[in-house]
Amino acid sequence: QGQLVESGGGLVQAGGSLRLSCAASGRTFSRKTMGWFRQAPGKERVFVAGITWSGGMQYYADSVKGRFTISRDNAKNTVYLQMASLKPEDTAVYYCAASDVVFTTRSPVEYKDWGQGTQVTVAS
């Protein structure tokens with residue numbers, strides 16, 4: 001079981017940008033589907049973006065499509081979430097997660113390893 005550590009969260013004005021990073025330990029990172037989820041206060045954790053092991057396929061929640069970009073660097077064992085045109089409703093704790101599912105998956109139950117989360121706050 002690998003360890004995931006997120007970074008890059010913070011406070012930003014609406015319309016601004018942030019880049020989140022997720023550093024993974026373990027030798028199997030490059031074979032895992034990676035995902036970003038978020039959880040706002042009082043709400044369930046929801047899927048944001050995912051990327052297959054090779055980086056060949058990226059998929060997004062409708063709410064962030066066209067604004068967020070997920071990418072990965074397997075040589076650095078790191079996955080990124082570039083967030084642009086941020087809105088106050090993007091405010092949440094963002095979690096990085098790893099899945100052994102080979103193809104795309106949006107279900108949290110398919111992700112077995114989770115980071116501790118990083119807070120993103122978008123001020124209006």
Side-chain angles (χ1 to χ4, degrees):
Q1 191 171 5
Q3 183 180 12
L4 304 174
V5 179
E6 302 96 335
S7 61
L11 173 64
V12 64
Q13 294 293 317
S17 300
L18 278 176
R19 188 177 82 156
L20 305 183
S21 298
C22 173
S25 63
R27 292 175 292 177
T28 61
F29 168 81
S30 63
R31 299 198 294 270
K32 292 187 179 291
T33 291
M34 299 297 295
W36 286 96
F37 291 77
R38 67 187 182 188
Q39 187 168 18
K43 296 188 177 181
E44 294 184 348
R45 190 172 300 186
V46 297
F47 171 80
V48 174
I51 188 167
T52 52
W53 70 270
S54 67
M57 185 177 294
Q58 305 89 42
Y59 45 108
Y60 301 91
D62 288 343
S63 59
V64 306
K65 201 172 295 182
R67 300 188 298 123
F68 291 11
T69 302
I70 188 171
S71 61
R72 67 190 297 164
D73 185 338
N74 286 343
K76 296 182 178 179
N77 274 15
T78 302
V79 63
Y80 305 97
L81 185 68
Q82 179 69 49
M83 305 185 294
S85 302
L86 283 162
K87 304 175 182 180
E89 52 263 44
D90 294 318
T91 295
V93 177
Y94 282 71
Y95 297 90
C96 170
S99 172
D100 291 324
V101 173
V102 175
F103 299 108
T104 64
T105 176
R106 300 167 184 255
S107 172
V109 299
E110 298 284 4
Y111 290 82
K112 304 305 180 185
D113 297 319
W114 292 82
Q116 82 290 349
T118 186
Q119 176 71 47
V120 171
T121 302
V122 184
S124 58

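Residue numbers count from 1 along this sequence.
A donor-acceptor pair under 3.5 Å is formed between the side chain of Thr91 and the backbone N or O of Val122. Between the side chain of Ser30 and the backbone N or O of Asn74 there is no donor-acceptor pair closer than 3.5 Å. Ser85 places no side-chain N or O within 3.5 Å of a backbone atom of Arg67 that could act as its donor or acceptor partner. At distances below 3.5 Å, not a single donor-acceptor pair connects side-chain atoms of Gln39 with backbone N or O atoms of Ala92. Although no hydrogens or angles enter the test, the distance criterion places a donor-acceptor pair under 3.5 Å between the side chain of Thr52 and the main chain of Met57. Under a 3.5 Å cut-off, the side chain of Asp90 and the backbone N or O of Ser63 do not form any donor-acceptor pair. Here the side chain of Tyr60 pairs a donor or acceptor atom with the backbone of Ile70 at under 3.5 angstrom.
Residue Trp114 comes nearest to Pro108 through the heavy atom pair CZ2-O, 3.7 Å, listed as atom of the first residue, atom of the second, then distance. Nearest heavy-atom pair, Ala123 versus Leu11, reported as atom, atom and distance to 0.1 Å: CB-CD1, 4.2 Å. Between Tyr59 and Phe103, the shortest heavy-atom contact is OH-O, 4.4 Å. The two residues Gly35 and Tyr111 come nearest to each other via the heavy atoms N-CE2, 3.6 Å. The two residues Gln119 and Val93 come nearest to each other via the heavy atoms OE1-CG2, 3.2 Å. Closest approach of Val12 to Leu18, counting heavy atoms only: CG1-CD1, 4.1 Å.
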Discussion item. What verdict does the side-chain contact (heavy atoms from CB on, under 4.5 Å) test give for Ile51 and Trp36, after you've listed the backbone C-alpha separation in whole Å, the side-chain angles of each residue and the deciding distance to 0.1 Å?
Written reply: CA-CA 9 Å; Ile51 188 167; Trp36 286 96; over 6 Å; no
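With rounding to the nearest 0.5 angstrom, the CD atom of Gln3 is 12.0 Å from the CG atom of Asn77. In this structure, the separation between CZ on Arg19 and OG1 on Thr69 is 11.5 Å, given to the nearest 0.5 Å. To the nearest 0.5 angstrom, Glu110 atom CD is 10.0 Å from Thr33 atom OG1.
Judged as a side chain to side chain donor-acceptor pair (under 3.5 Å), the pairs with a partner in residues 93-109 (not counting sequence neighbours) are, in order, Lys32-Asp100, Arg38-Tyr94. Pairs of residues two or more places apart, or lying in two chains, that qualify as disulfide bond (SG atoms under 2.5 Å apart) and include a residue from residues 66-97 are Cys22-Cys96.
Annotation: side chain of Glu6 is not in contact with side chain of Leu20 (no heavy-atom distance under 4.5 Å).
Both the sub-6.0 Å distance and the 45° axial angle are satisfied by Arg72 relative to the ring of Phe29.
When the side chains of ILVMFWY residues are joined at heavy-atom separations under 4.5 Å, either directly or via intervening members, Tyr80 and Trp53 end up in two distinct hydrophobic clusters.
With sequence neighbours left out, the side-chain contact (heavy atoms from CB on, under 4.5 Å) criterion links Glu89 to Lys87.
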